[in-house]
Amino acid sequence: MKPSHDLILVGAGLANGLIARRLIERHPNLDVRVIEAGPRPGGNHTWSFHQGDLSFDQHAFVAPLVAHRWPGYEVRFPDFTRRLDSGYLSITSERFAEVLGRELGGRLLLEAPVSRVTPQSVTLADGTELTATAVIDGRGPEKTPHLTVGFQSFVGQQWRLKAPHGLTRPIMMDATVDQQGGYRFVYSLPLDAHTLLIEDTHYVDAADLAPSQARANIAAYAERQGWALETLEREEHGHLPITLDGDIDAFWQAAENQPRSGLRAGLFHATTGYSLPQAVALADAIAEQETFDAASLFEVIEGFARRRWRQLGFFRMLNRMLFLAGQPDRRWQVMQRFYTLNDGLIERFYAGQPTLFDKARIVSGKPPVPVREAIPAVLKQTPRLRAFKDE
């Protein structure tokens with residue numbers, strides 16, 4: 001029986017939304033369908049990225065989605081504050097939903113929960129079965145014993161203030177706050193003169209951040225900054241995986257030939273958790289294909305993810321130092337030292353493209369964590385690393 005569609009994308013999140021847009025642009029005759037369990041694409045998220053993360057063509061591709069852009073950002077640590085003149089941009093879920101809804105039109109099926117996915121079929125919760133030449137599963141991260149991770153856990157609140165906040169660029173990290181048992185910072189995005197997205201962020205061993213504590217932290221931080229909170233416009237939550245180690249062969253064997261995308265394919269920056277640059281690159285890689293059967297797409301996606309895994313090995317080593325060496329409430333020292341390095345190195349780090357010299361510079365000098373603890377972490381010889389796998 002002939003499949004109902006050429007390609008079905010399950011989940012209308014960032015990765016699948018970008019794949020759909022690229023395919024419509026480059027293969028307009030391809031019958032693409034996107035299925036989303038929620039009432040709109042994109043959910044409730046803010047995706048940010050650095051100017052240097054994308055190529056000129058990729059910037060043009062995502063430009064309709066960008067809701068905010070700034071000429072640089074600021075970081076704050078106990079020993080210094082620094083302003084960096086490197087462009088920073090954000091995509092809001094509201095803008096994402098607006099653009100995707102307009103561009104996909106009838107190709108987008110909303111409020112359609114899925115009960116089963118195979119490489120060539122999708123079964124909806126109501127029993128309806130859809131078939132396709134290929135299905136890509138992009139429903140977010142899946143628990144797996146094959147990746148050893150910590151978490152970047154956060155609660156973000158978008159507040160309308162009683163008076164202008166005075167920020168002209170984001171505070172990407174303010175780590176002068178109480179660390180509360182892990183690397184903690186507050187992230188503030190000035191959306192307009194009276195509106196801020198304030199995010200309480202923790203690098204922690206387990207995804208157990210209590211929303212009530214984070215809300216109290218945000219209120220206390222705003223008071224400390226002199227920001228008079230007036231109206232809470234929205235709130236978002238997240239637990240982004242931060243990879244310390246893993247078995248990439250077992251990870252992809254467990255996929256059982258099911259094409260995947262986004263966090264479900266392990267595609268995110270190992271240290272920052274940022275996923276947009278890899279999502280754009282994957283959309284490009286898929287759109288470059290001429291055949292879109294399940295086996296071909298699985299091969300393309302798996303190959304792409306394996307290359308990214310190899311490229312991010314240095315970052316996983318740094319993460320083990322961050323999470324496994326030294327006291328949790330002193331982890332900020334690792335990031336504080338990093339931000340003393342030059343602008344170009346920092347840009348390449350966020351883009352996931354450090355040079356050999358960059359890597360040597362990052363790990364050289366006096367280490368910000370005890371050597372006796374750093375070496376076992378780097379060599380993957382710590383009991384805590386094994387304990388993560390046992391959870």
Side-chain angles (χ1 to χ4, degrees), residues 1-35 54-55 57-58 61 107 114 116-123 129-147 241 243 245-270 275-313 315-316 352-353:
M1 185 173 66
K2 188 178 186 298
S4 305
H5 307 287
D6 293 326
L7 178 63
I8 295 176
L9 304 171
V10 182
L14 179 67
N16 275 356
L18 293 174
I19 291 169
R21 293 187 70 237
R22 267 304 196 207
L23 289 175
I24 290 170
E25 173 188 79
R26 296 186 180 176
H27 302 272
N29 294 325
L30 197 68
D31 180 8
V32 178
R33 291 293 184 272
V34 182
I35 300 175
L54 304 181
S55 68
D57 177 67
Q58 289 172 333
F61 171 57
R107 300 181 180 94
V114 168
R116 185 169 181 265
V117 173
T118 78
Q120 294 179 305
S121 69
V122 177
T123 304
E129 184 174 7
L130 305 174
T131 59
T133 305
V135 174
I136 297 178
D137 189 353
R139 292 177 292 171
E142 182 180 44
K143 288 187 177 180
T144 172
H146 307 305
L147 297 180
T243 312
D245 192 23
D247 184 339
I248 192 63
D249 293 330
F251 178 84
W252 280 103
Q253 287 170 6
E256 297 182 330
N257 299 312
Q258 174 64 62
R260 297 176 168 187
S261 66
L263 298 186
R264 207 171 191 86
L267 292 172
F268 51 89
H269 192 295
S275 59
L276 186 139
Q278 296 201 38
V280 174
L282 179 63
D284 285 343
I286 290 174
E288 287 170 0
Q289 306 308 305
E290 295 299 330
T291 58
F292 297 95
D293 60 278
S296 297
L297 286 180
F298 182 82
E299 182 180 0
V300 168
I301 295 169
E302 180 188 15
F304 178 92
R306 284 180 177 274
R307 289 191 296 275
R308 292 293 165 136
W309 177 266
R310 291 192 296 270
Q311 292 167 0
L312 292 174
F315 295 88
R316 293 192 295 276
Q353 299 173 348

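It should be emphasised that the depicted structure is a prediction, and the values quoted were computed from it without experimental measurement. Side-chain atoms are counted along with the backbone in the values below, which use heavy atoms only and exclude waters and symmetry mates.
Counting all heavy atoms, side chain and backbone alike, F315 lies closest to G352 at CZ-CA, 3.8 Å. Looking at every heavy atom in both residues, A294 comes nearest to P259 through O-CG, 3.7 Å. P277 approaches L54 most closely through the heavy-atom pair CA-CD2, 3.9 Å. Scanning all heavy atoms of the two residues, the minimum distance from R26 to A287 falls at CD-CB, 3.8 Å. Annotation for A279 and A15: closest pair CB-CA, 4.0 Å, computed over non-hydrogen atoms. Taking all atoms of both residues into account, the shortest heavy-atom contact from L263 to S275 is CD2-CB, 4.2 Å.
The distance from the CD1 atom of I136 to the CD1 atom of I301 is 4.5 Å, given to the nearest 0.5 Å. Expressed to the nearest 0.5 Å, how far OG1 of T243 lies from NE2 of H269 amounts to 11.0 Å. If you take CG on L23 and CG on D6, they are separated by 10.0 Å, rounding to the nearest 0.5 Å. Interatomic distance, H27 NE2 to E290 CD, rounded to the nearest 0.5 Å: 5.5 Å. Residue L18 holds its CG atom at 12.5 Å from CD of Q278, rounded to the nearest 0.5 Å. Q58 contributes atom CD, which lies 7.0 Å from atom CZ of R22 (distance to the nearest 0.5 angstrom).
Atom CD of E299 sits in a sparse spot, with 12 or fewer heavy atoms from other residues, nucleotides or ligands closer than 6.0 Å.
Using a 4.5 Å cut-off on side-chain heavy atoms (C-beta onward), I286 and F292 make contact. Q353 has its side chain out of reach of Q311: every pair of non-hydrogen atoms, C-beta onward, lies at least 4.5 Å apart. Looking at heavy atoms from C-beta onward, D137 lies out of side-chain contact with V114 at the 4.5 angstrom threshold. Residues F268 and L312 form no side-chain contact, since every pair of their non-hydrogen atoms from C-beta on lies 4.5 Å or further apart. Using a 4.5 Å heavy-atom cutoff, the side chains of I8 and L130 are in contact. A heavy-atom distance below 4.5 Å is not found between the side chains of P241 and L147. Using a 4.5 Å cut-off on side-chain heavy atoms (C-beta onward), V135 and T118 make no contact.
With hydrogens and angles ignored, the 3.5 Å screen pairs a side-chain donor or acceptor of R21 with a backbone N or O of F61. Although no hydrogens or angles enter the test, the distance criterion places a donor-acceptor pair under 3.5 Å between the side chain of N16 and the main chain of V10. Checked by atom type and distance alone, the side chain of R107 never pairs as donor or acceptor with a backbone atom of R33 at under 3.5 Å. Judged by distance alone, the side chain of R316 and the main-chain N or O of W309 form a donor-acceptor pair under 3.5 Å.
Side-chain contact of H146 with D247: a donor-acceptor pair under 3.5 Å is absent, judged by distance alone. Looking at S121 and T131, their side chains never bring a donor and an acceptor atom within 3.5 Å of each other.
Under the side-chain contact (heavy atoms from CB on, under 4.5 Å) rule, T133 has a single partner from L30, D293, T291, which is D293.
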